[in-house]
Amino acid sequence: MIKNIKRVGIITLIISVICCLCCAITFNLVATKNASMEQSSKTANDEQTLNETDFDAEIILKSDTNGTIADKWTQAINLSSTERREVKVQLEQNWIANYNSETQITFFGLIADGGANGYSNEGGLYIPTTANIKLNLAGFSINRNQTQYNSKPATNVITVAGIFTIVDTTYNGELFRNAYNQYKENKDSFINKISGITTGKICGGNLKGSGGGICVESTGVLNMYGGRIMDNVATNGGGIFLEGTFNFYDGLICGNEVTTGNSLGGGIHCQGGQFNMYNGLIVNNTNQYYGGGIDIRGQGETRSYATITGGIIAHNYAQFGGGISINSLGTLDIRNTDVSYNLTWGNSAGVLIWTGTAEGKITDCTITHNKAYRTNNGANPGGAGVLANSKLEIYNSEITDNELWNGVDTTPGAGAGIR
């Protein structure tokens, strides 16, 4: 009997030890999983907000005894293409394109280079499919300095066929967001305030074509964490023309324009591409037709997608869709975003979802103080905040204080908030 009790005691002890070990292993696995999840979440959040303050550049873009700034850009492109890896470069002076009297265009480096050494056939910067470049603007400017239209097919600043990442160690997004919150009701005061904040710039593109600032080809990926794309002009996509992918984490797209009659996308024109916006500002862009801030539409049978999860889209101007225009084969999913103080002299100053194949979903957004007005004998304005004649879902959003104004006669428009 005593032996049996001892055996039972020993067995019980063994079972207890095994249970303790199992609990310890289980706890360790859970803790490891939780730690892994926290690290994964941290990495994702960092990826969305990163603007490097400590940038370790391999190549400094500055003219000195070791070569011109153009030579060093070529060196970076060739190094990245040869070794098939990311190469970090940093501006340490403003890079202003030179004017060529024979071709009557400005150029950064070689003309008719075809992209192999980092320059397009028209003298702009070019990131080929084999290259992966991360550029720190560091408060300096890349200025195409192209002040007038010409017969060339493209005179933009940068064309991206590979991977191009923009950071700016001088950029502080909170300064711009604070300026907006303080001066958002007065566009001129807001623009004057942000004009005095130091950042790097990509500017001066001017062309009869698409993408005055940056053209992202179908194979291209553009990542932006800081700086400004500003003061560029094009037929479509005054700031950016997008057939590939643009991940906009932070920065400004401002003061760009398209000036022809049937133009698309004063700030951004996405045609068959993917636009992802996590933060930043798209402000003070101008267009004569669809999409003052953003125009999203398909190309052929290929659908375009815009996923916007934060940021400010304000003080943009167009005939249709002052803030955002989603047209045929375009899909919008927008959340936690401020779309306000945009202006149109046609339909929908805030968000326009147009044609039967366009789709939109608006969640937790603020769409206020947008204004649609009429100054001629055209159609009456409608949907100052939101206008849709296609599929649209709206959840938990503030759509208030939007305004219709008719400066011609007493005929009213329709739907100051939503139509």
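- Between the side chains of Arg177 and Asn279, a donor-acceptor pair is found at a separation under 3.5 Å.
- Ion pair Arg85/Glu58 flagged as a salt bridge, since at least one NZ, NE, NH1 or NH2 atom sits closer than 4.0 Å to an Asp/Glu carboxylate oxygen.
- For the side chain to side chain contact (heavy atoms under 4.5 Å, CB included) criterion with Lys72, the lone passing option out of Ile60, Val89, Asp64 is Asp64.
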| query | How far apart are the C-alpha atoms of Glu83 and Asn132, what are their side-chain angles, what is the distance that settles it, and do they pass the side-chain contact (heavy atoms from CB on, under 4.5 Å) test? | reply | CA-CA 10 Å; Glu83 299 188 2; Asn132 181 349; over 6 Å; no
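- Between Phe275 and Phe248 there is a side-chain heavy-atom pair separated by less than 4.5 Å.
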| Yes or no on side-chain contact (heavy atoms from CB on, under 4.5 Å) for Asn117 and Tyr126, after CA distance, side-chain angles and deciding distance? | CA-CA 8 Å; Asn117 293 301; Tyr126 187 81; over 6 Å; no
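- The pair Lys193-Asp188 does not meet the salt-bridge criterion, since no charged nitrogen lies less than 4.0 angstrom from a carboxylate oxygen.
- Taking OG1 of Thr366 as the reference point, atom CG of Asp401 lies at 11.5 Å (rounded to 0.5 Å).
- When Ile214, Ile166, Ile133 are each tested for a side chain to side chain contact (heavy atoms under 4.5 Å, CB included) with Ile158, only one passes: Ile214.
- For the pair Ile394 and Ile399, the minimum side-chain heavy-atom distance is below 4.5 Å.
- No side-chain N or O of Glu257 forms a donor-acceptor pair with one of Thr259 less than 3.5 Å apart.
- Remark: the Lys88 side chain and the Asn136 side chain contain no N/O donor-acceptor pair separated by less than 3.5 Å.
- At a threshold of 4.0 Å, the pair Lys134-Asp56 does not count as salt-bridged, since none of the basic side-chain nitrogens sits closer than that to a carboxylate oxygen.
- Ring-centre distance between Tyr225 and Tyr171: not below the 6.0 Å cut-off.
- For Arg303, the salt bridge (Lys or Arg N to Asp or Glu O under 4.0 Å) test picks out no residue, with sequence neighbours left out.
- With contacts defined as side-chain heavy-atom distances shorter than 4.5 Å, the pair Tyr317/Asn342 does not qualify.
- The shortest side-chain heavy-atom distance between Ser141 and Asn94 falls under the 4.5 Å cut-off.
- Checked against the 6.0 Å centroid criterion, the rings of Trp95 and Phe108 qualify as a close aromatic pair.
- Side chains of Tyr180 and Asp338: a donor-acceptor N/O pair is present below 3.5 angstrom, by distance only.
- Asn316 and Asn285 share a side-chain donor-acceptor pair at under 3.5 Å.
- Side-chain contact of Ser263 with Asn287: a donor-acceptor pair under 3.5 Å is present, judged by distance alone.
- The aromatic ring centres of Phe107 and Tyr119 sit 6.0 Å or more apart.
- Here the options are Val87, Leu61, Val167, Thr165, the test is side chain to side chain contact (heavy atoms under 4.5 Å, CB included), and the partner is Leu135; only Leu61 passes.
- With 3.5 Å as the limit, one finds a donor-acceptor pair spanning the side chains of Ser81 and Thr130.
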Please tabulate, for side-chain N and O atoms in residues 292-300, each donor-acceptor pair with protein atoms closer than 3.5 Å (sequence neighbours left out).
residue: Asp295; atom: OD1; partner: Arg297; partner atom: NH2; Å: 3.1
residue: Asp295; atom: OD1; partner: Ser325; partner atom: OG; Å: 3.3
residue: Asp295; atom: OD2; partner: His269; partner atom: ND1; Å: 2.9
residue: Asp295; atom: OD2; partner: Arg297; partner atom: NE; Å: 2.8
residue: Gln299; atom: NE2; partner: Glu243; partner atom: OE2; Å: 3.0

